[in-house]
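Structure, as structure tokens:
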Amino acid sequence: MPELPEVEVVRAGLAPAVTGALVLGVTVLDERALTRHTGDGIHFETALTGRRIVEAARRGKFLWLPLEGSDGEPAREALVAHLGMSGQILLREPGAAPERHERVRLDIQHPDHGDLSVVFADQRTFGSLAIDALIPTSDAAPGGWGTTAASVPEQVAHIARDPLDPAFRDAAFRATLARKDSAIKRVLLDQSVVSGVGNIYADESLWAARIHPETPAKALSTRAVNRLLAEVRVVLEKALAEGGTSFDAQYVNVNGQSGYFSHSLNAYGRTSQPCPRCGRPIVRVSFTNRSSHFCPHCQRVPRRAA
DNA sequence: GGAATAACCTGGATGC
DNA sequence: TGCATCCAGGTTATTC
């Protein structure tokens with residue numbers, strides 16, 4: 001599933017192909033891909049056609065392509081993308097055959113690479129595209145990875161910075177956790193607290209930090225929170241270096257290739273298999289409409305939740 | 001206001 | 001073989 005590493009791989013692949021490119025045409029094949037857009041498909045196509053893309057930026061799991069303002073003014077709008085669970089952004093030759101779950105296609109012209117098609121395909125239609133206004137960041141720091149502009153799409157403004165963002169504040173994160181009575185895994189998945197972490201990397205980080213997913217966030221010591229934050233960063237950076245996690249064709253980079261981090265997982269998806277640390281079996285439990293994987297020996301049940 | 005839950009969605013896997 | 005059901009999970013609206 002696309003979490004921070006997967007989205008960053010897509011952003012990094014997209015950036016050289018779209019930066020400076022002119023949008024020649026837009027085709028919306030399925031308006032369900034525009035659930036975050038305030039207009040209909042025709043509005044989306046009209047608003048985007050003829051615009052020039054400035055760069056490719058990302059915060060957490062959100063991607064956006066700022067659109068050049070008129071007369072060289074700073075970008076005031078951006079094309080925002082969220083991949084949801086199964087969204088893909090693919091670069092294709094102009095006129096390439098439609099992808100199986102293709103929802104939107106942008107035909108662009110790049111000054112160096114010529115004509116290209118940017119295809120948004122999404123099997124489960126949880127992902128979406130939108131044109132949104134850019135607003136100043138609350139901390140005056142760059143909006144996210146891939147941009148130096150201190151702006152962010154309005155619908156991304158509530159998303160916290162991710163742990164790999166230089167502007168992420170560890171102290172503020174610790175203070176937030178100290179006020180939260182919720183289970184630490186739930187807090188890790190709350191994108192308004194820390195972004196980019198999804199079910200896979202939450203399980204992996206908690207396993208690495210030896211913290212039970214049901215531990216109340218406020219019960220964690222400063223030392224434990226620091227250890228968890230360090231492990232979140234290690235896991236995300238390792239996954240990024242390996243091109244993300246792919247279990248099937250659900251996640252691929254802009255060229256349609258899978259990542260390799262699934263071979264490095266220690267807990268997620270390893271139900272009944274031996275814990276790489278102690279050898280006891282990894283267990284899977286239902287947790288807030290999804291599953292949690294952990295080692296009951298290495299990650300002890302907190303007294304309150306027992 | 002904080003926390004918990006349900007709904008959205010498709011296709012692969014599984015059971016009968 | 002074919003049909004029904006379950007499951008995966010990010011985000012957000014709704015409910016408590």
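Note that these values count all heavy atoms, side chains included, but never hydrogens, waters or copies made by symmetry. Per chain, numbering begins at 1; letters A, B, ... match sequence-line order.
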Mark yes when over 12 heavy atoms from residues, nucleotides or ligands other than A:Glu73 sit less than 6.0 Å from its CD; otherwise mark no. yes
Between A:Phe126 and A:Ile159, who's closer to the 5' end of DNA chain C by nearest nucleotide?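 The 5'-side residue here is A:Phe126.
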Is it the case that the base of C:dA8 and the side chain of A:Arg124 share a donor-acceptor contact (distance under 3.5 Å, atom types as modelled)? yes
Looking across every strand, which nucleic acid part, if any, lies under 4.0 Å from A:Ser291 by heavy atom: base, sugar-phosphate, or nothing? sugar-phosphate
Check whether A:Leu164 and A:Val9 end up in the same hydrophobic cluster, where Ile, Leu, Val, Met, Phe, Trp and Tyr are linked by side-chain heavy atoms less than 4.5 Å apart.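 Yes; A:Val9 is reachable from A:Leu164 via cluster members.
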In terms of side-chain heavy atoms of [X], which of [options] is nearest?
X        : options                : answer
A:Arg36  : B:dA4, C:dT12, B:dA3   : C:dT12
A:Asn199 : C:dT11, C:dC7, C:dG10  : C:dG10
A:Arg284 : C:dC7, C:dT11, B:dA4   : C:dC7
A:Glu3   : C:dT11, B:dG12, C:dG10 : C:dG10
A:His82  : B:dG12, B:dA4, C:dT11  : C:dT11

Using 4.0 Å as the upper bound for N to carboxylate O, is an ion pair formed by [Y] and [X]?
X        : Y        : answer
A:Asp203 : A:Lys185 : yes
A:Lys238 : A:Glu242 : yes
A:Arg169 : A:Asp139 : no

Report yes if at least one side-chain N or O of [X] is closer than 4.0 Å to OP1 or OP2 of [N]; otherwise report no.
X        : N      : result
A:Ser86  : B:dG11 : no
A:His101 : B:dG11 : yes
A:Arg32  : B:dT10 : yes
A:Lys180 : B:dA3  : yes
A:Gln191 : C:dT11 : yes

For the pair A:Arg58 (side chain) and A:Leu63 (backbone), establish whether a donor and an acceptor sit closer than 3.5 Å, ignoring hydrogens and angles.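 No.
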Calculate the interatomic distance between [X] atom [atom1] and [N] atom [atom2]; express it in whole Å.
X        : N      : atom1 : atom2 : result
A:Gln123 : B:dC9  : CD    : P     : 14 Å
A:Leu63  : C:dG10 : CG    : P     : 16 Å
A:Glu6   : C:dG10 : CD    : C1'   : 13 Å
A:Arg290 : C:dC6  : CZ    : P     : 19 Å
A:Arg179 : B:dG2  : CZ    : C1'   : 12 Å
A:Asp122 : B:dC8  : CG    : P     : 17 Å
A:Gln155 : C:dT12 : CD    : C1'   : 12 Å
A:Asp181 : B:dG1  : CG    : P     : 19 Å

